[in-house]
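Remember, predicted model here, so these are calculated numbers, not experimental data.
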Amino acid sequence: MDEELDILAGKIPYKPQLPSPQQIAAVLAILSLAGPMALGGMPVIPITVQDEQRRRQEEIQQVSESSVGVYQTSSEAEAGLSLSLQRLAHVTREIEGVHTHDVSERDVVSAANRVFTGQVEQKLDGRFRSAFNRVAWDTVDLYILRDSEEYEAGLP
């Protein structure tokens, strides 16, 4: 049977056929969409000014909400937590009027009560809330990284 195909292959002349305009348009459309994706990008889609403003606003919100995962190692997270605790202590000293270097947990709790009941000026209120929030996020980050490092150390 293979011999028959070989004999026929020599007798039937090859006739090239040009692609149709629809085939050319389809190939060009595929290349225009797949070309940037093959290079790791996405095709540019026209957007409106409102879409761009909404995208920027969502980007800003995502950056402000994403605080955990800033550090790569637990030692970096410890240094960040130490800095956050210093900021919290500094704001607590301003709110409570403490003039000593040491700030106790009782001072922080008292400052938090004053902030959350609205007895503190707006500027200090914002600074305290920000410092307190940063301490919480850095603490979470530290414990996640420590847990991950302990898990990796335990693997054979």
Legend entry - Residues Asp141 and Trp137: side-chain donor-acceptor under 3.5 angstrom: no
Legend entry - Over 12 foreign heavy atoms within 6.0 Å of CD, Glu105: no
Legend entry - side chain to side chain contact (heavy atoms under 4.5 Å, CB included) assessment of Glu94 paired with Glu121: CA-CA 11 Å; Glu94 287 184 42; Glu121 65 183 62; over 6 Å; no
Inset, instruction - Hey, could you give me the CG/OG distance between Asn133 and Ser84, rounded to the nearest 0.5 Å? - result: 10.0 Å
Inset, instruction - Tell me whether Phe132 is reachable from Val115 by hopping between hydrophobic residues (I, L, V, M, F, W, Y) whose side-chain heavy atoms are closer than 4.5 Å. - result: yes
Legend entry - Val135 backbone acceptor or donor facing Thr139 side chain under 3.5 Å: yes
Inset, instruction - Starting at CG of Asn113, measure out to CD of Gln119 and round the result to the nearest 0.5 Å. - result: 8.5 Å
Inset, instruction - Please list, chain by chain and in numerical order, all residues satisfying salt bridge (Lys or Arg N to Asp or Glu O under 4.0 Å) with Asp125, sequence neighbours excluded. - result: Arg129
Legend entry - Residues that Ser130 engages under side chain to side chain donor-acceptor pair (under 3.5 Å), provided they are two or more places apart: none
Legend entry - Same apolar cluster: Val91 and Val98, side chain cutoff 4.5 Å: no
Inset, instruction - Would you kindly say whether Gln86 and His90 are connected by a side-chain donor-acceptor distance under 3.5 Å? - result: no
Legend entry - Closest non-hydrogen atom pair between Phe128 and Ala111, with its separation: CE1-CB, 3.9 Å
Inset, instruction - Could you tell me whether Glu96 and Arg106 make a salt bridge, using a distance below 4.0 angstrom between a side-chain N and a carboxylate O? - result: no
Legend entry - Straight-line distance of Leu88 CG to Leu83 CG, nearest 0.5 Å: 11.5 Å
Inset, instruction - Mark yes when over 12 heavy atoms from residues, nucleotides or ligands other than Tyr143 sit less than 6.0 Å from its OH; otherwise mark no. - result: no
Inset, instruction - Report the distance from atom CD of Glu149 to atom OG of Ser75, rounding to the nearest 0.5 Å. - result: 7.0 Å
Legend entry - Verify same cluster id: Leu85, Leu124 (apolar side-chain graph, 4.5 Å): yes
Legend entry - CG-OG1 distance between Asp107 and Thr100, expressed to the nearest 0.5 angstrom: 7.0 Å
Legend entry - Shortest non-hydrogen contact from Val108 toward Val103: CG2-CG1, 4.0 Å
Legend entry - Same cluster (ILVMFWY, side-chain, under 4.5 Å), Phe116 and Ile95: yes
